[in-house]
Protein chains: 2
Amino acid sequence: MKITKASDYALRVVGFFATAEKNRYYMRNELSEICSVPDSFLGKILQHLVKSGILESERGKKGGFRLSKNPEDITLYDIIRSVEGEIVINECLVEGNACKISGNCKIHNVLDQVRCNLINELKKVNVSNLV
Amino acid sequence: MKITKASDYALRVVGFFATAEKNRYYMRNELSEICSVPDSFLGKILQHLVKSGILESERGKKGGFRLSKNPEDITLYDIIRSVEGEIVINECLVEGNACKISGNCKIHNVLDQVRCNLINELKKVNVSNLV
DNA sequence: ATATTTTAAGATAAAAAAACTCTTTTTTAA
DNA sequence: TTAAAAAAGAGTTTTTTTATCTTAAAATAT
């Protein structure tokens with residue numbers, strides 16, 4: 001019931017971009033320093049954020065990372081989803097993974113409700129709310 | 001962002017008790033079979049549930065486990081809390097663990113809100129709702 | 001009393017996931 | 001064509017989860 005450190009780091013970085021100079025590219029090692037995130041680990045996290053369209057990147061000299069959307073259009077859910085994959089409260093609800101008792105118990109339905117509610121809460125907050 | 005298997009197992013067991021013969025003691029190995037939970041792992045889970053007052057136990061012949069409250073008075077939160085400890089959405093919010101940037105960032109406040117909301121949702125559902 | 005049955009407690013082991021690193025490749029600009 | 005940056009993928013270490021096993025303690029039946 002906890003976000004991973006990768007998510008925490010991602011939130012910091014995207015949160016920083018909301019306050020940063022618009023359109024400027026920041027290099028991985030700059031971001032690493034500014035946000036106190038291990039440099040090479042951050043590399044992986046940034047890749048995820050780029051793949052899911054939250055950041056955009058440019059290689060080579062003058063390269064780096066910057067936001068590819070307005071902060072208002074990026075939610076906490078987007079960021080966590082980007083680095084952790086889909087949020088699932090309990091394993092049994094994962095498709096193709098149904099547990100033996102799933103037919104006749106309500107636990108899973110209830111947990112799925114909790115999950116939907118959690119996701120909605122995370123969608124309510126956008127990155128500009130973090131400034 | 002997922003409950004542990006121990007929590008899932010605990011939910012099954014307590015859920016079963018809600019449908020089971022009232023006041024009767026069920027032995028660990030019975031519960032293990034009924035709920036499809038590994039016998040010795042279940043031992044540990046049952047200990048947690050007893051310690052937090054959800055179940056009560058009796059040793060020796062005729063011993064076993066049973067509910068020590070009405071199903072209506074046991075919430076999903078109680079059960080998860082019992083086996084996983086306090087729900088924390090992000091590590092930085094754990095006391096004595098404050099991260100360097102905690103003073104000047106809103107991320108943690110926001111995640112704490114999400115956490116409160118999640119806990120409230122889990123408190124809304126009680127074990128009799130699972131029958 | 002004593003043997004039997006059951007949970008309690010603690011140590012330990014195996015497996016899985018998380019957290020992080022390193023190396024090689026690709027892209028870009030000067 | 002060289003230097004600087006991200007991309008990609010493999011690999012490593014650490015931590016957490018998921019169990020198991022063994023010994024102790026308690027309750028009951030005989």
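Letters go in sequence order (proteins before strands), and every chain restarts at 1.
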[options]: which one has an atom nearest the side-chain heavy atoms of [X]?
{"X": "Lys62(A)", "options": "dT26(C), dT21(C), dA29(C)", "result": "dA29(C)"}
{"X": "Phe65(B)", "options": "dA5(D), dC21(D), dA8(C)", "result": "dA8(C)"}
{"X": "Arg59(B)", "options": "dA8(C), dA19(C), dA6(D)", "result": "dA8(C)"}
{"X": "Thr4(A)", "options": "dA5(D), dT28(C), dA18(C)", "result": "dA18(C)"}
{"X": "Pro38(A)", "options": "dA6(D), dT6(C), dT21(C)", "result": "dT21(C)"}
{"X": "Lys5(A)", "options": "dC20(C), dA9(C), dA29(D)", "result": "dC20(C)"}
{"X": "Val50(B)", "options": "dA6(D), dT6(C), dA8(C)", "result": "dA8(C)"}
{"X": "Phe41(B)", "options": "dA19(D), dA9(C), dA10(D)", "result": "dA19(D)"}

Could you tell me the separation between the [atom1] atom of [X] and the [atom2] atom of [N], rounded to a whole number of Å?
{"X": "Lys44(A)", "N": "dT23(C)", "atom1": "NZ", "atom2": "C1'", "answer": "11 Å"}
{"X": "Tyr25(A)", "N": "dA7(D)", "atom1": "OH", "atom2": "C1'", "answer": "15 Å"}
{"X": "Ile80(A)", "N": "dA18(C)", "atom1": "CD1", "atom2": "P", "answer": "14 Å"}
{"X": "Ile3(A)", "N": "dA17(C)", "atom1": "CD1", "atom2": "C1'", "answer": "16 Å"}
{"X": "Glu58(B)", "N": "dA25(D)", "atom1": "CD", "atom2": "P", "answer": "18 Å"}
{"X": "Met27(B)", "N": "dA8(C)", "atom1": "CE", "atom2": "C1'", "answer": "17 Å"}
{"X": "Glu30(A)", "N": "dA6(D)", "atom1": "CD", "atom2": "C1'", "answer": "14 Å"}
{"X": "Lys2(A)", "N": "dT15(D)", "atom1": "NZ", "atom2": "C1'", "answer": "10 Å"}

- prompt: Think Ser57(A) has a side-chain N or O under 4.0 angstrom from the OP1 or OP2 of dA7(D)?
  reply: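 Yes, because at least one side-chain N or O of Ser57(A) sits under 4.0 Å from OP1 or OP2 of dA7(D).
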
message: Quick check on dA19(D): is either OP1 or OP2 less than 4.0 Å from any side-chain nitrogen or oxygen of Tyr9(B)?
response: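 Answer yes for this pair, as a side-chain N or O of Tyr9(B) is under 4.0 Å from OP1 or OP2.
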
message: For Lys61(A) and Asp39(A), find the nucleotide of DNA chain C closest to each by heavy atoms; which residue's nucleotide sits nearer the 5' end?
response: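 Its nearest nucleotide lies further toward 5', so the answer is Asp39(A).
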
query: Just checking, Arg24(A) and Tyr26(A): is the charged tip under 6.0 Å from the six-membered ring centre and within 45° of the axis?
result: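 Yes, a cation-pi geometry.
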
field: Result of checking Ile89(B), Thr4(B), Val88(B), Leu118(B) against Met1(A) for side-chain contact (heavy atoms from CB on, under 4.5 Å)
entry: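 Single pass found, and it is Leu118(B).
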
query: What about Gln47(B): does its side chain form a donor-acceptor pair under 3.5 Å with the base of dA9(C)?
result: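 Donor-acceptor pair under 3.5 Å: yes.
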
- prompt: Where do Tyr9(A) and Val83(A) land on the side chain to side chain contact (heavy atoms under 4.5 Å, CB included) test, with the steps shown first?
  reply: CA-CA 10 Å; Tyr9(A) 293 159; Val83(A) 300; over 6 Å; no

task: With heavy atoms under 4.0 Å as the rule, sort Gly43(B) into base, sugar-phosphate or nothing.
output: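 No contact at all - Gly43(B) keeps every heavy atom at 4.0 Å or more from the nucleic acid.
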
Main-chain N/O of Glu72(B) paired with Asn70(B) side-chain donor or acceptor, under 3.5 Å: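 Not a single qualifying donor-acceptor pair exists.
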
task: Show your reasoning for whether side chain to side chain donor-acceptor pair (under 3.5 Å) applies to Asn29(B) and Ser32(B).
output: CA-CA 5 Å; Asn29(B) 65 66; Ser32(B) 163; over 6 Å; no

task: Give, for atom CD of Glu56(A) and atom OH of Tyr25(A), the distance between the pair rounded to the nearest 0.5 Å.
output: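 With rounding to 0.5 Å, CD (Glu56(A)) is 5.0 Å from OH (Tyr25(A)).
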
